[in-house]
Protein chains: 2
Amino acid sequence: MTVVKSRREQYSEATRAALVEAATARFATAGYAATGLEDVAGDIRATRGAVYHHFSSKKALFEAVLDELEVQATERITAAYRGAPDPWSGAVAALEAFLDQCCDPVYSRVVWREGPIAMGWGGWHTTEQKYAHGTIEAILRDLQAKGLLAPLPLATLTEVTFCAIGAAGHGLAEADLADRPGLRAEYSAVLGRMIGGLRPD
Amino acid sequence: MTVVKSRREQYSEATRAALVEAATARFATAGYAATGLEDVAGDIRATRGAVYHHFSSKKALFEAVLDELEVQATERITAAYRGAPDPWSGAVAALEAFLDQCCDPVYSRVVWREGPIAMGWGGWHTTEQKYAHGTIEAILRDLQAKGLLAPLPLATLTEVTFCAIGAAGHGLAEADLADRPGLRAEYSAVLGRMIGGLRPD
DNA sequence: CTACTGACATACGCGGTGTATGTGACCGAC
DNA sequence: GTCGGTCACATACACCGCGTATGTCAGTAG
């Protein structure tokens with residue numbers, strides 16, 4: 001199925017990938033606002049022209065970065081969920097996988113800190129529906145269908161859960177690397193208890 | 001204690017207040033990024049010079065707007081808490097007061113949507129420590145001291161609760177005005193249940 | 001070999017922030 | 001009351017970063 005690519009296409013793809021990689025690093029360290037496209041292009045010894053050839057805008061470049069990170073993260077988290085014997089322990093496993101993911105400074109910073117700033121809260125939230133938000137909804141729907149969760153409105157339930165879990169994302173994004181393991185355990189305890197409150201009576 | 005103000009001081013104060021008011025309206029409708037200082041100044045038939053005389057930067061103007069909104073909101077919410085007979089019903093009352101507050105389109109939009117965008121998540125969060133975040137922490141500390149709350153680490157507990165409650169702020173900020181009462185009830189149910197999960201065993 | 005397409009580089013316009021400087025109204029001292 | 005100083009704003013300008021229009025050259029198809 002893999003189509004043979006011409007040399008030009010290979011070069012082009014490599015350039016695009018390099019831009020995404022460089023942008024990821026910049027956004028994760030300096031942040032979205034403080035990163036100029038000139039910086040990103042300079043990192044791979046190209047110019048802003050190259051950026052605008054591959055991406056329609058600075059925001060589009062950010063979206064590419066975010067997508068890349070979220071696809072990988074979502075894949076891991078859903079794998080954790082599916083690998084568990086029953087839905088409840090699956091939900092716990094997914095939560096743990098998410099918290100692990102948030103200990104990655106690049107993921108936590110780009111997705112949870114810079115995301116809403118770069119794309120606006122609405123745009124970011126829309127994108128998240130495909131990833132974290134969507135994953136949570138699927139899990140909660142599953143639990144509810146099996147009667148393991150109180151019959152609360154799914155959309156609102158998802159929203160609150162998403163933001164509560166996001167607290168961990170933000171919190172771990174801000175913390176020093178050395179403090180993260182300890183913090184992670186705390187978030188796990190608090191979130192576990194809160195989500196436990198959602199079991200049917 | 002009220003010092004007599006000279007006419008100039010009165011004028012100046014009125015101008016400043018008018019700027020904050022105009023900025024509040026603009027930020028609440030067009031958003032932070034799409035609002036130019038020229039627009040704000042124009043609304044009160046002044047120029048950007050007036051803005052920069054009273055505020056050191058656009059961000060500083062936003063902070064003034066946010067402070068104004070948060071001071072009023074916090075006052076109402078803490079009043080609701082103190083007016084209740086016992087800490088648990090106080091916490092519930094505070095939550096309800098907060099949800100009411102979030103149904104105000106200006107509050108929800110400026111504080112919860114534009115805040116992190118305008119000031120960066122870190123700066124916004126720092127400011128919030130004085131208001132919503134701080135209020136939550138005080139309430140939780142109170143509950144914990146009285147043994148009404150599981151002995152989880154306070155800072156993390158506050159952080160997660162803050163973000164979970166913030167979900168309502170965001171959700172209501174995005175929703176159509178007509179849908180807000182219904183949504184408000186849903187958030188109340190979900191949050192009530194989650195926070196209920198925090199009671200000691 | 002030629003004509004064309006696609007991947008970039010270069011150059012420019014434009015909107016918006018922040019800053020430096022100007023101006024006129026008010027205020028206190030004599 | 002007038003005069004020097006100060007304060008509240010207006011005006012003008014510099015700068016920075018995004019986006020866009022245009023140019024250039026290597027690679028590719030026929």
Side-chain angles (χ1 to χ4, degrees), chain A residues 3-27 29-66 114-115 117-120 123, chain B residues 3-27 29-66 114-115 117-120 123:
Chain A
V3 186
V4 176
K5 302 269 172 72
S6 73
R7 191 167 6 178
R8 236 194 345 193
E9 279 170 318
Q10 287 176 32
Y11 284 159
S12 180
E13 232 170 73
T15 302
R16 195 197 127 98
L19 282 171
V20 170
E21 189 184 354
T24 302
R26 287 274 182 178
F27 291 152
T29 51
Y32 180 77
T35 298
L37 294 181
E38 197 101 35
D39 304 327
V40 175
D43 286 346
I44 65 160
R45 274 168 308 178
T47 66
R48 284 172 45 243
V51 177
Y52 277 99
H53 178 74
H54 288 284
F55 305 95
S56 61
S57 66
K58 186 183 180 183
K59 197 159 109 176
L61 172 60
F62 182 87
E63 283 188 45
V65 169
L66 191 144
E114 300 300 324
I117 295 173
M119 310 176 60
Chain B
V3 185
V4 176
K5 302 270 173 71
S6 73
R7 194 166 357 180
R8 236 194 345 197
E9 278 172 320
Q10 287 177 31
Y11 285 158
S12 179
E13 233 170 71
T15 302
R16 195 196 129 99
L19 283 171
V20 170
E21 190 184 352
T24 302
R26 288 275 182 179
F27 291 152
T29 52
Y32 179 78
T35 298
L37 294 182
E38 197 101 36
D39 304 326
V40 175
D43 286 347
I44 65 161
R45 277 168 308 180
T47 66
R48 285 173 42 244
V51 177
Y52 277 100
H53 178 72
H54 287 283
F55 305 96
S56 63
S57 68
K58 184 182 179 182
K59 197 154 108 177
L61 172 60
F62 183 88
E63 283 189 44
V65 168
L66 193 145
E114 301 301 324
I117 295 173
M119 311 176 58

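Reminder, nothing fancy here: chain letters follow the sequence lines and each chain counts from 1.
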To the nearest Å, give me how far apart [atom1] ([X]) and [atom2] ([N]) are.
X        : N       : atom1 : atom2 : value
Leu19(B) : dA8(D)  : CG    : P     : 13 Å
Leu61(A) : dG19(D) : CG    : P     : 11 Å
Arg45(B) : dT11(D) : CZ    : P     : 15 Å
Lys58(B) : dC16(D) : NZ    : C1'   : 15 Å

Atom of [X], atom of [Y] and distance for their closest heavy-atom approach:
X        : Y         : result
Glu63(A) : Met119(A) : CG-CE, 3.5 Å
Thr35(B) : Ala30(B)  : OG1-CB, 3.8 Å
Tyr32(B) : Lys58(B)  : O-NZ, 3.1 Å
Ala34(B) : Asp39(B)  : O-OD2, 4.2 Å

- Item | Pairs involving residues 36-56 of chain A, ordered by first then second residue, that meet ring pair (Phe, Tyr, Trp, His ring centres under 6.0 Å) (sequence neighbours left out) | none
- Pick out which of Thr24(B), Val40(B), Leu37(B) makes a side chain to side chain contact (heavy atoms under 4.5 Å, CB included) with Leu19(B). Val40(B)
- Heavy atom of residues 47-55 of chain A under 4.0 Å from DNA chain D: which residues? Arg48(A), Tyr52(A)
- Query: Looking at residues 33-42 of chain A, who's got a heavy atom less than 4.0 Å off DNA chain D?
  - Reply: Thr35(A), Gly36(A), Leu37(A)
- Task: Go through the structure and list residues passing side chain to side chain contact (heavy atoms under 4.5 Å, CB included) with Asp43(A), not counting sequence neighbours.
- Result: Ala22(A), Arg26(A)
- Query: Listed by chain and number, what are the side chain to side chain contact (heavy atoms under 4.5 Å, CB included) partners of Thr47(B), not counting sequence neighbours?
  - Reply: none
Interatomic distance, [X] atom [atom1] to [Y] atom [atom2] [nearest 0.5 angstrom]:
X         : Y         : atom1 : atom2 : answer
Phe62(B)  : Ile117(B) : CZ    : CD1   : 8.5 Å
Glu114(B) : Leu66(B)  : CD    : CG    : 11.0 Å
Arg16(A)  : Leu61(A)  : CZ    : CG    : 8.5 Å

- Message: Just to be sure I understand the rule, does Ser56(B) reach a base, reach only the sugar-phosphate, or reach nothing, if contact means heavy atoms closer than 4.0 Å?
- Response: nothing
- Message: Generate the contact string for nucleotides 24-30 of chain D. Rules: B means base contact, S means sugar-phosphate contact only, - means no protein heavy atom under 4.0 Å.
- Response: --BSS--
- Item | Short side-chain N/O contact to dA8(D) OP1/OP2 from Thr15(B), under 4.0 Å | no
